[in-house]
There are 2 protein chains.
Amino acid sequence: MPVGLQEPANILSVPGVRLASVAAGIRYRGRDDLVLIDCGEQASVAAVFTRNAFCAAPVSVARQHLQGSQVRYLLINAGNANAGTGAPGLAAASESCRMVADVTRVAPEQVLPYSTGVIGEQLPVARIEAQLPALVNDLAADRWMDVARAIMTTDTVAKACSRRLTLQGQSITITGVSKGAGMICPNMATMLAFVATDAVISGDVLQDCLNRSVAKSFNRITVDGDTSTNDACTLVASGASGVAIESEVELAAFQRELDAVCLHLAQSIIRDAEGVTKFITIAVEGATDEAEAAAVAYTVAHSPLVKTALFASDPNWGRILAAVGRAPIAALDLSRVAIYLQDCCVISAGEPDADYTEEQGKAVFEQDEIEISIHLGRGAVATKVWTSDLSHDYVSINADYRS
Amino acid sequence: MPVGLQEPANILSVPGVRLASVAAGIRYRGRDDLVLIDCGEQASVAAVFTRNAFCAAPVSVARQHLQGSQVRYLLINAGNANAGTGAPGLAAASESCRMVADVTRVAPEQVLPYSTGVIGEQLPVARIEAQLPALVNDLAADRWMDVARAIMTTDTVAKACSRRLTLQGQSITITGVSKGAGMICPNMATMLAFVATDAVISGDVLQDCLNRSVAKSFNRITVDGDTSTNDACTLVASGASGVAIESEVELAAFQRELDAVCLHLAQSIIRDAEGVTKFITIAVEGATDEAEAAAVAYTVAHSPLVKTALFASDPNWGRILAAVGRAPIAALDLSRVAIYLQDCCVISAGEPDADYTEEQGKAVFEQDEIEISIHLGRGAVATKVWTSDLSHDYVSINADYRS
């Protein structure tokens with residue numbers, strides 16, 4: 001059961017962007033699993049992809065097509081990752097772009113392919129081809145939630161978020177969708193996210209905005225430490241509003257709303273993580289730099305012992321302490337370390353806090369949203385990582401499902 | 001249920017070493033949980049300890065006592081880790097040594113303390129003190145299996161191993177015991193191991209022998225990536241045989257048998273890991289150095305997705321490939337990578353092997369002992385890491401038990 005997450009209402013269309021989904025029978029039956037997004041003729045497109053050395057075929061093709069082409073369409077399928085598929089997989093990813101290009105009369109390089117699902121099976125391109133005319137015909141601005149549902153794999157709730165801001169007296173929209181829900185770790189997990197705005201932003205600036213937002217959202221979530229072969233987050237600026245973001249102030253305002261959309265979409269993935277029963281924030285403060293803060297946060301967030309204790313609502317802080325103690329940072333001075341469960345101090349100056357009681361810890365751990373704060377006392381840098389607990393359902397889902 | 005592991009018969013006494021165990025009621029009822037080992041008057045003692053920054057009180061005290069003292073006794077309790085216990089915990093560890101010293105008439109610095117169990121509770125030293133006269137009285141050479149049983153926490157099988165070698169026409173014995181079974185990761189996990197021999201070896205040489213053996217055994221196993229606060233492996237040379245190891249050839253022969261004992265004890269911990277249903281060997285070949293080989297092996301060994309696939313007997317090699325792809329090594333050339341499940345090739349030259357069939361993979365994954373080999377094609381260094389799968393029982397054990 002997802003934690004604090006429901007399918008959103010009031011998702012806003014983004015002028016200039018049209019979407020469609022269809023049931024192509026790639027893997028699932030009785031649900032949509034193929035999506036086409038029309039970014040508009042003048043769109044800027046930015047993207048970040050998995051850093052996994054074994055990246056999937058569509059990631060290779062999308063990276064290549066992004067070099068200098070005027071991207072027009074995004075083609076997304078769920079149920080088959082087209083990863084670990086060798087040369088035939090690369091050919092299939094290219095072929096699917098050519099198919100879209102044929103129907104829409106653009107160049108194949110103007111189409112970016114995305115896949116999520118099982119690794120190691122060949123993509124059934126004929127099933128995609130059969131649905132393309134219908135997909136193109138169905139393109140409409142108000143189909144964001146259909147898309148959010150069609151890209152789901154082990155997700156249980158469709159994830160979407162909209163924000164508005166006013167620039168130059170005009171309303172600008174940012175809307176995005178995302179999917180998880182396992183193999184989630186920094187540097188893009190098995191997750192796809194598509195975000196669009198109708199502002200006018202050049203490709204370089206758009207890429208910079210996306211990088212900044214992703215660093216604080218999609219690259220700060222983890223379910224199981226496993227980075228996927230297929231992850232991608234794509235940001236489209238259709239330009240349909242005619243409002244060009246020019247000043248630093250405008251850019252900052254846009255960045256703030258984009259950050260909010262990405263953070264919501266990223267946290268939604270954790271709230272609906274495989275087998276999740278708790279939504280956990282690991283906050284590290286007092287680090288000398290971001291890398292150190294993240295290293296400590298991820299060591300705690302990845303600890304199966306911490307995660308099973310959270311699942312059991314057992315405030316077993318010894319496991320948190322042991323995880324902090326083995327984090328790969330040099331010369332940790334224990335006498336400066338403090339650990340809090342919400343605002344309840346467990347460790348101060350490296351030793352058990354005299355005022356802490358088991359009842360306080362239990363009361364915190366019984367909640368379904370928990371923040372663990374770790375103060376290192378080394379510097380002024382802070383970061384946050386979001387993660388889920390490790391439950392029986394996580395094991396069941398991953399022992400039964402091929403992802 | 002442990003994989004391929006039964007309580008051993010024929011464990012050999014080590015001349016010069018006497019042991020005893022007793023039920024002190026530290027945490028458990030109706031079983032022994034306190035151990036004393038008399039190393040003999042002339043013993044050399046070597047040890048390696050956890051590298052966790054939050055090391056337990058007994059680790060701090062043992063490290064200190066090892067500096068220059070003639071170690072005579074080892075005092076071990078199960079059920080309470082005496083970790084995360086601050087200044088009172090340090091005092092309790094020192095106090096327990098003083099108690100042994102009082103009864104046996106040695107200096108407190110000649111006693112090394114060891115604890116394993118729950119973190120964050122104060123050690124009940126009075127219960128230890130009450131049992132010390134009986135413990136000292138019961139010391140005998142043939143009580144290795146009693147000790148193996150008394151140091152267990154979540155272990156289900158007592159772990160011990162003996163080997164013999166002949167030096168200078170005389171038989172030399174090496175016997176050891178170990179305990180796991182969770183929080184197992186390199187640099188000593190929640191594991192204790194005590195190994196003894198009757199050879200005559202100086203402290204420096206003994207420490208070097210132990211370091212070499214541990215690097216290939218206890219520091220190459222992982223259950224959950226969690227390094228404990230308490231881990232320690234101690235090697236005692238009683239010298240009672242009178243046979244002094246002098247030549248390089250003799251030393252190599254001793255090292256070989258010590259390696260075998262440590263490897264057996266380390267693998268026994270994995271065979272009895274929390275919730276284990278499969279005993280997994282991750283073999284990495286063709287690395288440029290040991291660190292790189294280990295980094296790839298541990299990335300695969302720690303992947304919850306790989307571990308749940310192993311639990312499910314699902315040859316989901318995409319998860320192995322994804323884990324190799326995200327391992328923290330620079331510039332991996334995929335076209336040189338090969339992956340085998342036992343002798344069945346899944347990936348060759350970075351792509352799915354044409355001859356691989358799902359049936360072959362299934363046949364391998366249904367076994368309860370599985371070797372996954374990863375060939376990097378970068379150099380000549382190989383290493384092996386041993387791990388367990390991730391089962392429902394792992395979650396149950398760690399959600400229910402305070403360790």
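Order of the sequence lines fixes the chain letters, A, B, ..., with proteins taken first and strands second; residue numbering starts at 1 for each chain. Because the structure is a prediction, the values reported are computed rather than measured.
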Contacting region of A/S391 [heavy-atom separation from chain B under 4.5 Å]: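 For A/S391, the backbone is the part near chain B, not the side chain.
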
Go through the atoms of A/A87 and report whether side chain, backbone, both or neither lie under 4.5 Å from a heavy atom of chain B.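 Looking at A/A87, backbone and side chain both touch chain B.
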
Determine whether more than 12 heavy atoms belonging to other residues, nucleotides or ligands lie under 6.0 Å from atom CZ of A/R336.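 No, because the 6.0 Å sphere around CZ of A/R336 holds 12 heavy atoms or fewer from other groups.
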
What is the minimum heavy-atom distance between B/Q360 and B/D355, and which atoms define it?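 Closest heavy-atom pair between B/Q360 and B/D355: OE1-O, 3.5 Å.
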
Measure the acute angle between the ring planes of B/W317 and B/Y356, then classify it against the limits of 30° and 60° as parallel, tilted or perpendicular.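 The rings of B/W317 and B/Y356 stand perpendicular, inter-plane angle above 60°.
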
Selection from B/S313, B/G120, B/A53, B/A327 maximising heavy-atom pairs under 4.5 Å formed with chain A: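 Of B/S313, B/G120, B/A53, B/A327, B/A53 has the most heavy-atom pairs under 4.5 Å with chain A.
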
Do B/T85 and B/L123 come close enough that some side-chain heavy atom pair is under 4.5 Å?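 Not in contact.
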
Under a 4.5 Å heavy-atom cut-off, does chain A meet the side chain of B/V337, its backbone, both or neither?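 Just its side chain gets close to chain A.
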
